[in-house]
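Working notes, beginning with the structure itself.
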Amino acid sequence: MRRIHLLATGGTIASRRGPDGLAPVTRAVDLLAAAGTPDGLTVTTSDVGTVGSFALGTADLLRLVAEVHRGLGPEVDGVVVTHGTDTLEESVFLADLVHDDPRPVVFTGAQRPSDSPAPDGPANLAAALRVAASPSARDAGVLLCFDGLAFAARGVRKVETLRSGAFAAPGRGPVLRVTGDEVTALSRPVRGTPIPLDLDGDLPRVDVVPLYLGADDVLLRAAAGAGAAGVVLQAFGAGNATPAVAAAVGDVVAGGIPVLVCSRVPAGPVAPLYTGGGGADLARAGAVFAGDLSPWQARVLLAAALAVAPADPLPIVTGHLAVDGTAQDPVRRSPRPGAGPASA
Ligand code: ASP
């Protein structure tokens, strides 16, 4: 008999329609009753909250990860977490960054509420429980199981707003397939060294600044002015910005604020290629290219690195980026206050 602990946080999987809109009200024990306990498993339950994941903050996220650690008690073989889909890719990634245990943690959720005529939550939860109990999920870190597939935390993204196949890992693909009772291994995730993050308190502020045609430097400078300890650029294409933003990156980095470059394109790594405001200029200004990480996952990585090493977070970031070779030329730079822009 395998023992799994189920933690519920809210999200659509727990939601029902009320007078003001959908609200997450269903508790873990009722989610489990709807999914049914798969043969050969014993499942215990607890509730961390009943919120939409769009309402979570970074302190909530740390509290959730601490609960996951508590849930992985000595008598448990794995943990399943039900969670809203909107910020699931951030939660699963932070949980994975700090996960230092061979036992699986599997996040899941739903696209249709529990009182819909055809809810997808019960099947997703049943599949997540099977994955958490599967030997194939051991040593795979924290996974996201949805619509019959399980994805490694790193690289998973929400790719559909309403359809049941809500998640994909562009350029990477799923690591496990769930068909009925069967869990089939498809590939092996590559993981970095766990980050020894203190789960009490909060993460430092890291802002994501989007690039769009004609973007000026106002948002980037506002992020620095608002006290961001780090910034992630959601850059064009393979990692390009406007000339105005590229020029401001040098000032921000010189002010001691590390800047990561990701893309607004959903698949593929960034690379420092172009001048005239492009990636080559961003690299010369001291920005670090974040492989194929989404801006949202790069933000979580940078915030965790800043929490652990406020004066020199980039070795942690680049160490994580380097493990699977998707980072192009990650350059180690130390963001000392007052230091001039580094050269690439
Ligand atoms: N649409 C979201 C969900 O699927 C709402 C949330 O993230 O809580 O759960």
Side-chain angles (χ1 to χ4, degrees), residues 58-59 61-62 64-66 68-69 89-101 105 139 141-142 152-156 189-209 223-224 227-235 239 249 252-263 269-272 282-283 285-337 339 341-342 344:
T58 48
L61 184 47
L62 290 183
L64 170 58
V65 175
V68 167
H69 285 187
E89 62 208 70
E90 281 132 288
S91 295
V92 74
F93 189 53
L94 186 74
D96 188 61
L97 285 176
V98 302
H99 190 63
D100 190 10
D101 194 303
V105 173
D139 285 313
V142 179
R154 181 175 174 152
V156 71
V190 184
R191 303 182 60 233
T193 313
I195 298 178
L197 187 63
D198 178 359
L199 299 175
D200 283 335
D202 204 349
L203 291 173
R205 177 179 183 131
V206 175
D207 287 325
V208 177
V209 174
V231 170
V232 177
L233 291 184
Q234 186 185 19
V249 163
V252 170
V253 172
I257 300 172
V259 175
L260 299 190
V261 179
C262 298
S263 180
V270 285
L282 295 175
V288 169
F289 282 65
D292 68 349
L293 275 191
S294 71
W296 333 117
Q297 291 199 336
R299 171 179 176 258
V300 167
L301 174 59
L302 181 54
L306 280 160
V308 170
D312 196 14
L314 291 180
I316 294 175
V317 171
T318 55
H320 264 268
L321 294 174
V323 290
D324 62 3
T326 56
Q328 303 261 316
D329 187 28
V331 182
R332 179 177 188 267
R333 291 182 176 84
S334 137
R336 295 181 316 279

Between Arg154 and Asp96, does any NZ, NE, NH1 or NH2 come within less than 4.0 Å of an OD or OE carboxylate oxygen? no
Which residue in the set Val209, Leu302, Leu233, Leu282 passes side chain to side chain contact (heavy atoms under 4.5 Å, CB included) when paired with Val259? Leu233
Using every non-hydrogen atom in the two residues, find where Gly230 and Ile257 come nearest and quote the distance to one decimal. CA-CG2, 3.6 Å
Steps toward side-chain contact (heavy atoms from CB on, under 4.5 Å) verdict (Arg299, Thr58): CA-CA 11 Å; Arg299 171 179 176 258; Thr58 48; 3.9 Å; yes
For residues Val317 and Ala305, report the shortest heavy-atom separation together with the two atoms involved. CG2-CB, 3.7 Å
Going by side chain to side chain contact (heavy atoms under 4.5 Å, CB included), name the residues that satisfy it together with Ala66, two or more places apart in sequence or in a different chain. Arg70, Leu199
Closest non-hydrogen contact found for Leu260 with Ala298 is CD1-O, 3.8 Å
Heavy-atom side-chain proximity of Leu306 to Pro258 below 4.5 angstrom: yes
Pick one: which of Leu293, Leu203, Leu94 meets side chain to side chain contact (heavy atoms under 4.5 Å, CB included) with Val300? Leu94
Gly239 and Val261: which non-hydrogen atoms are nearest, and at how many Å? CA-CG1, 3.8 Å
Assess whether side-chain contact (heavy atoms from CB on, under 4.5 Å) is satisfied between Leu321 and Leu314, documenting all intermediate values. CA-CA 10 Å; Leu321 294 174; Leu314 291 180; over 6 Å; no
Hits for side chain to side chain contact (heavy atoms under 4.5 Å, CB included) against Ser294, two or more places apart or cross-chain, chain-then-number order -> Glu89, Arg157, Trp296, Gln297
Which atom of His320 lies closest to which atom of Thr193, heavy atoms considered: NE2-O, 2.8 Å
Heavy-atom closest contact (Arg205 atom, Asp207 atom, distance): NE-OD2, 2.9 Å
Single hit among Val270, Thr318, Val253 for side chain to side chain contact (heavy atoms under 4.5 Å, CB included) with Val288: Thr318
So Asp200 and Leu62, side-chain contact (heavy atoms from CB on, under 4.5 Å) or not? Walk me through it. CA-CA 7 Å; Asp200 283 335; Leu62 290 183; over 6 Å; no
Can you find a heavy atom in the side chain of Leu197 that is under 4.5 Å from one in the side chain of Leu97? no
